[in-house]
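Numbered from 1 within each chain, the chains take letters A, B, ... in sequence-line order.
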Number of protein chains: 2
Amino acid sequence: MPKQVDHEQRRQLLAEAVFAVIGTRGWEAVSLRDVAVQAGVSMGTVQHYFPAKQQMLLFALAQMRDRVNARLQATLAALHGPGNQPSRRELIRAATAVMLPVDGPGREEACVNIAFFSAATVTPEYARQLRDGYSRILTVTVASFREAARLGELRDGIDPDAEAPALYFLTQGLVGPILIGLYQPDDALALIDAQLNRLFR
Amino acid sequence: MPKQVDHEQRRQLLAEAVFAVIGTRGWEAVSLRDVAVQAGVSMGTVQHYFPAKQQMLLFALAQMRDRVNARLQATLAALHGPGNQPSRRELIRAATAVMLPVDGPGREEACVNIAFFSAATVTPEYARQLRDGYSRILTVTVASFREAARLGELRDGIDPDAEAPALYFLTQGLVGPILIGLYQPDDALALIDAQLNRLFR
DNA sequence: TGTTTTTTAATGCGACTGCATCGTAACGGT
DNA sequence: ACCGTTACGATGCAGTCGCATTAAAAAACA
């Protein structure tokens, strides 16, 4: 009965257009027309896949969470690549670097996320989705620290349940300053490494 | 030359109206008309004091920086109150608590700041102002840590130049999660205290 | 009191917004 | 080959936006 297009793939294409608009011209520039132009389709197409603008943005937010997680998994998988077993410290450092806006995609993701954070202060739906996404990463971070503690990679007296959130929120706190040019990515990574030196043997 | 009203005071009144609009209905709701209604004046008045919307927002951003600094100074001055000399740890902890959205004013300030952060990703003027404001607080934080080190309040082996930015950015990283309800203010303060226990004797 | 200048208010305008309403093209099932 | 459903594009509409224009009100100085 349907035609031949992949519905979900079309929605993802439009979500990517939303990201491009936010990343280049900001959250305020996200109009149905501009998203359509960015995606190379007509406005009717956008309306066809998203009955309302907020639904488009909610889908885009979920898509962004998946995108970050995918980039995270890919980075961690690359460390496991050529037959070598990475240490927990290497994994945690790589995951931290992924969340910092150091390269092009990372910066776009950070811009989109901070825009949704701002919108979430007055739109509970965004806040709920952000909570889900960030709490998951936080949980994984804590689990990774506990594993490091179990493997004896942490220094004596380091509490993984206390230091894992601290490192995670420190990373989050570095995103904004990097975005506005207050802190350079190299300095941020140096700060992270200093903390890792303190936590790991 | 007749003049009856205090120009600067009027502009501050309008800036407060901007904060109220952002805090209650979000950055997108900041229109000249809504700001005028919030301030209890007409739209022509807003236009008279700010020839363009962006100038109003730039002034509001500078005003917000002053407001945070004022609240910070007031909090620190209160610690110096009844003839007692507060420790550097007490001062740093108080300053940290001021920057977290724990009470009403703190939450409004955090909402406004995150909104400007988002806007700063595409508007360099905002980015520059934010850099100035945050770098100043960062400088003060580092100076306070150095003073703590000079007074011997820090534990052995603690580098103030490395740990001061870490604590500062950790605090910044806690703001967003508290705003969206991912983290409770009490938990955030507990996390800060755990770090302070590590840094101070 | 009359004049000048600032302050405040009211209104209009072009542009843009999200959304609804069409019309049409294209494929799948029968 | 026909028809129904889906995909998609074009256009209209009520509302809002920032900003310009205009005028009235009010206070300081002549």
Within this structure, what is the [atom1]-to-[atom2] distance between [X] and [N], rounded to whole angstrom?
X: A:Arg11; N: D:dT6; atom1: CZ; atom2: C1'; value: 15 Å
X: A:Glu28; N: D:dT16; atom1: CD; atom2: C1'; value: 14 Å
X: B:Met56; N: D:dC17; atom1: CE; atom2: C1'; value: 12 Å
X: B:Arg10; N: C:dA9; atom1: CZ; atom2: C1'; value: 13 Å
X: B:Glu8; N: C:dT7; atom1: CD; atom2: P; value: 13 Å
X: B:Leu14; N: C:dT7; atom1: CG; atom2: C1'; value: 13 Å

Task: Near-ring test B:Tyr168/A:Tyr183, centroid separation under 6.0 angstrom - done: no

Open item on the list: Regarding A:Asp34 and A:Arg25, does a basic nitrogen lie under 4.0 Å from an acidic carboxylate oxygen?
Closed with: yes

For the residue pair [X] and [Y], categorise the inter-ring angle as parallel (less than 30°), tilted (30 to 60°) or perpendicular (more than 60°).
X: A:Phe116; Y: A:Trp27; value: perpendicular
X: A:Phe50; Y: A:Phe59; value: tilted
X: B:Tyr49; Y: B:His7; value: tilted

Looking at [X], I'd like to know whether one of its side-chain N or O atoms comes within less than 4.0 Å of OP1 or OP2 on [N].
X: A:Ser42; N: D:dG9; answer: yes
X: A:His48; N: D:dC8; answer: no
X: A:His7; N: D:dA7; answer: yes
X: A:Thr45; N: D:dA7; answer: no

- [ ] Looking at every strand, decide which applies to A:Phe50 at a 4.0 Å heavy-atom threshold: base, sugar-phosphate, or nothing.
- [x]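 A:Phe50: no heavy atom of the nucleic acid under 4.0 Å.
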
- [ ] Any chance you could lay out the salt bridge (Lys or Arg N to Asp or Glu O under 4.0 Å) test for A:Arg128 and A:Glu125, step after step, and finish with the verdict?
- [x] CA-CA 5 Å; A:Arg128 193 177 50 78; A:Glu125 290 94 332; over 6 Å; no

Open item on the list: For a quick check under 3.5 Å, do A:Asn197 and A:Arg155 share a side-chain donor-acceptor pair by atom type?
Closed with: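 No, A:Arg155 and A:Asn197 have no side-chain donor paired with an acceptor closer than 3.5 Å.
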
What are the atom names and distances for every N/O pair under 3.5 Å that joins the protein to nucleotides 18-24 of chain C?
unit_1: C:dG18; atom_1: OP1; unit_2: A:Val30; atom_2: O; d: 3.4
unit_1: C:dG18; atom_1: OP1; unit_2: A:Lys53; atom_2: NZ; d: 2.7
unit_1: C:dG18; atom_1: OP2; unit_2: A:Leu32; atom_2: N; d: 2.9
unit_1: C:dG18; atom_1: N7; unit_2: A:Arg33; atom_2: NH1; d: 2.9
unit_1: C:dG18; atom_1: O6; unit_2: A:Arg33; atom_2: NH2; d: 2.9
unit_1: C:dC19; atom_1: OP2; unit_2: A:Lys53; atom_2: N; d: 2.8
unit_1: C:dA20; atom_1: N7; unit_2: A:Gln47; atom_2: NE2; d: 3.2
unit_1: C:dA20; atom_1: N6; unit_2: A:Gln47; atom_2: OE1; d: 3.0

